[in-house]
J.: 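First, the structure itself, so that you have it in front of you.
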There are 2 protein chains.
Amino acid sequence: MIAYSSQPHYLLAVDCIVFGFDGEHLKILLVKRGLEPEINKWSLIGGFVGANESPDDAANRVLKKNTGLEGIYLEQLQIYGEPNRDPIERTLSVGYFALIDIHKYQAQINDDYHAEWFLINDRPKLIFDHDQMVSDARKKLRYKAALHPILFEMLPKKFTIPQLQILFEEVNDTKIDTRNFSRKIGSTGLLIKLAEKDKSGSKKGAFYFKVDKKKYNANFQAFLNLIPNLKL
Amino acid sequence: MIAYSSQPHYLLAVDCIVFGFDGEHLKILLVKRGLEPEINKWSLIGGFVGANESPDDAANRVLKKNTGLEGIYLEQLQIYGEPNRDPIERTLSVGYFALIDIHKYQAQINDDYHAEWFLINDRPKLIFDHDQMVSDARKKLRYKAALHPILFEMLPKKFTIPQLQILFEEVNDTKIDTRNFSRKIGSTGLLIKLAEKDKSGSKKGAFYFKVDKKKYNANFQAFLNLIPNLKL
DNA sequence: ACAAAAGTGTTAGGGTTACACCCATGC
DNA sequence: GCATGGGTGTAACCCTAACACTTTTGT
């Protein structure tokens with residue numbers, strides 16, 4: 001029998017930075033931590049990686065448990081592994097960022113997990129290095145969204161161009177010219193205009209669009225340039 | 001005393017995909033694995049994460065041990081954590097990609113570690129999931145290099161524009177127009193022309209350039225667009 | 001009628017590409 | 001003097017950004 005003699009073993013966790021968009025602002029989903037240490041402090045949604053699952057599996061499991069949702073857009077951020085990041089015992093954590101449609105989540109609001117949405121710019125201090133994770137995830141979201149059409153993941157199936165624009169503006173902390181924005185979005189060919197209008201935002205009403213899934217999948221790698229003068 | 005009861009613990013390793021450029025082709029550095037299982041098979045440069053170091057620390061340590069070099073450009077790729085990726089015992093591995101000046105390495109060629117450079121497109125089959133790691137790293141290198149000036153990390157302090165162009169062509173597997181390339185490179189303002197010429201490549205000789213470190217550090221996040229018609 | 005948001009067109013400028021010839025030197 | 005790779009200029013095109021007014025409809 002072969003073995004890797006005497007190497008140290010560690011706990012491995014996943015932590016998910018869950019982004020959502022309420023139509024006006026970018027938000028993140030936090031939970032009140034249910035175990036010591038730092039019990040009842042706010043933290044990211046996380047959990048330990050089980051013996052028979054990959055970190056990706058673990059992140060999906062943990063997300064399902066806390067949001068009721070499956071098939072969420074999930075991307076590995078990086079590993080956080082400073083030796084003393086967890087005061088109890090050495091635990092490394094793989095950070096993930098997730099994009100979800102906040103309205104789908106609403107259906108699950110009566111959950112048992114005490115999760116709560118916070119404005120990204122007005123959130124409580126988090127445990128351990130979770131604030132760093134949020135900051136890294138935000139940066140990566142912006143970077144990625146400048147190049148790939150991932151923000152649709154945070155919108156409902158049907159959405160309007162003004163909604164989409166606000167989302168882009170929120171993520172990039174900038175203002176975008178309406179005309180240029182709609183022209184660029186149109187030129188991606190990713191959107192299909194629907195007959196129906198959303199009258200909630202204005203008297204005139206804005207047409208709903210949906211994502212052309214085929215083109216979305218085919219063009220996901222396409223470089224977009226939706227944010228003028230982007231500084232990362 | 002608080003503890004995380006009964007959670008499984010795992011081994012954690014790092015594996016480095018080390019890229020270099022010999023003036024003509026992109027290469028990677030591999031080692032003959034020195035421990036069971038798969039002893040004497042080719043593998044990436046790797047090692048276990050020690051009790052008092054972060055994965056980043058471990059990658060730097062392992063690289064120094066195998067190349068003699070410090071301060072190498074190093075970037076985390078992702079974690080590889082399929083439950084059965086290592087047949088002996090569950091081991092997760094953090095993949096890193098590293099860019100080094102192959103000529104600096106040459107000074108260390110009499111090492112004890114049996115490392116060897118291979119053409120990226122003509123390398124032996126690697127152990128475990130290391131082939132996947134190499135493939136992922138190549139993709140990421142291309143992606144990153146399209147947007148940030150990281151390829152200079154693989155060149156000597158003094159280099160010529162034709163050398164740089166060949167490197168870009170190798171990484172992107174494409175041909176680039178000489179005139180447009182030198183104009184674009186020039187417009188970044190990142191290069192300083194030296195008086196000296198490299199006569200090894202031609203009779204006329206090509207001027208050496210060096211990187212303007214100040215601008216390099218300041219503009220690292222600047223988006224470049226050096227590869228026309230880039231498909232990632 | 002008016003308020004409030006949606007939707008659309010034009011133009012100037014900058015950047016990108018495609019393309020071909022001269023230059024410097026060693027042999 | 002000729003072969004070899006290095007180095008440069010221009011013109012057409014496209015994309016981008018800047019900019020303001022009209023449309024729709026609920027009240």
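Below, read A as the first sequence line, B as the second, and so on, with proteins coming before strands; counting in each chain starts at 1.
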J.: Quick one: which residue pairs count as a salt bridge (charged side-chain N to carboxylate O under 4.0 Å, His left out) with a foot in residues 115-125 of chain B, not counting sequence neighbours?
T.: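 For residues 115-125 of chain B: R123(B)-D131(B), K125(B)-D131(B).
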
J.: Let me test you: for the helix from dA1(C)-dT27(D) to dC27(C)-dG1(D), what is the angle between the axes at its two ends (five pairs each), rounded to 10 degrees?
T.: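 Here the helix ends are tilted 10° relative to one another.
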
J.: Applying salt bridge (Lys or Arg N to Asp or Glu O under 4.0 Å), can you list everything that pairs with K214(B), at least two apart in sequence or on another chain?
T.: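 K214(B) satisfies salt bridge (Lys or Arg N to Asp or Glu O under 4.0 Å) with no residue once adjacent residues are dropped.
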
J.: Heavy atoms under 4.0 Å is the rule here; annotate nucleotides 11-21 of chain C 5' to 3' with B where the base is hit, S where only the sugar-phosphate is, and - elsewhere.
T.: ------BBBB-

J.: Please list, chain by chain and in numerical order, all residues satisfying ring pair (Phe, Tyr, Trp, His ring centres under 6.0 Å) with F118(B), sequence neighbours excluded.
T.: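 Scan of F118(B) (ring pair (Phe, Tyr, Trp, His ring centres under 6.0 Å), adjacent residues dropped) gives W42(B).
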
J.: Using whole Å, report how far CG of D198(A) lies from C1' of dA4(C).
T.: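 Distance, rounded to whole Å: 14 Å.
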
J.: Residues two or more places apart in sequence or in another chain: which of them pass side chain to side chain contact (heavy atoms under 4.5 Å, CB included) with S43(A)?
T.: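 Side chain to side chain contact (heavy atoms under 4.5 Å, CB included) list for S43(A), sorted by chain: V31(A), R33(A), I127(A), H130(A).
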
J.: Restricting both atoms to N or O, compile the protein contacts to nucleotides 22-27 of chain C shorter than 3.5 Å, with distance only.
T.:
| from | atom 1 | to | atom 2 | distance (Å) |
| --- | --- | --- | --- | --- |
| dC23(C) | O2 | K204(B) | NZ | 3.1 |
| dT25(C) | O3' | K203(B) | O | 3.4 |

J.: Tell me, please, which residues at least two apart from D177(A) pass side chain to side chain contact (heavy atoms under 4.5 Å, CB included).
T.: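 For D177(A), the residues satisfying side chain to side chain contact (heavy atoms under 4.5 Å, CB included) (neighbours in sequence not counted) are R179(A), N180(A).
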
J.: Just say parallel, tilted or perpendicular for the rings of F97(A) and Y73(A), cut-offs at 30° and 60°.
T.: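 Plane angle between 30° and 60°, so tilted.
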
J.: Considering only distance and modelled atom types, tabulate donor-acceptor pairs under 3.5 Å from the side chains of residues 151-170 of chain B, sequence neighbours left out.
T.:
| from | atom 1 | to | atom 2 | distance (Å) |
| --- | --- | --- | --- | --- |
| E153(B) | OE2 | Y216(B) | OH | 2.7 |
| K158(B) | NZ | E196(B) | OE1 | 2.8 |
| K158(B) | NZ | E196(B) | OE2 | 3.3 |
| T160(B) | OG1 | Q163(B) | N | 3.2 |
| Q163(B) | OE1 | T160(B) | N | 3.4 |
| Q165(B) | NE2 | E169(B) | OE2 | 3.1 |
| Q165(B) | NE2 | I176(B) | O | 2.7 |
| E169(B) | OE2 | I176(B) | N | 2.9 |
| E170(B) | OE1 | L26(B) | N | 3.1 |
| E170(B) | OE2 | H25(B) | ND1 | 3.2 |

J.: Return all side-chain donor-acceptor pairs below 3.5 angstrom for residues 185-194 of chain B, not counting sequence neighbours, or 'none' if the list is empty.
T.:
| from | atom 1 | to | atom 2 | distance (Å) |
| --- | --- | --- | --- | --- |
| S187(B) | OG | K184(B) | O | 2.8 |
| T188(B) | OG1 | I185(B) | O | 2.6 |
| T188(B) | OG1 | L190(B) | N | 3.2 |

J.: Could you tell me if D198(A) and S200(A) have a donor-acceptor pair between their side chains, going purely by distance under 3.5 Å?
T.: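 Indeed, the side chains of S200(A) and D198(A) share at least one donor-acceptor pair under 3.5 Å.
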
J.: Quick check for you: name the first and last nucleotides of DNA chain D, 5' to 3', having an atom under 4.0 Å from a heavy atom of chain A.
T.: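 In short, chain A contacts DNA chain D from dA17(D) to dG26(D).
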
J.: Got a sec, which residues hit side chain to side chain contact (heavy atoms under 4.5 Å, CB included) with D136(A), two or more places apart in sequence or on another chain?
T.: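 Result, side chain to side chain contact (heavy atoms under 4.5 Å, CB included) vs D136(A): L77(A), Q78(A), Y80(A), Q132(A).
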
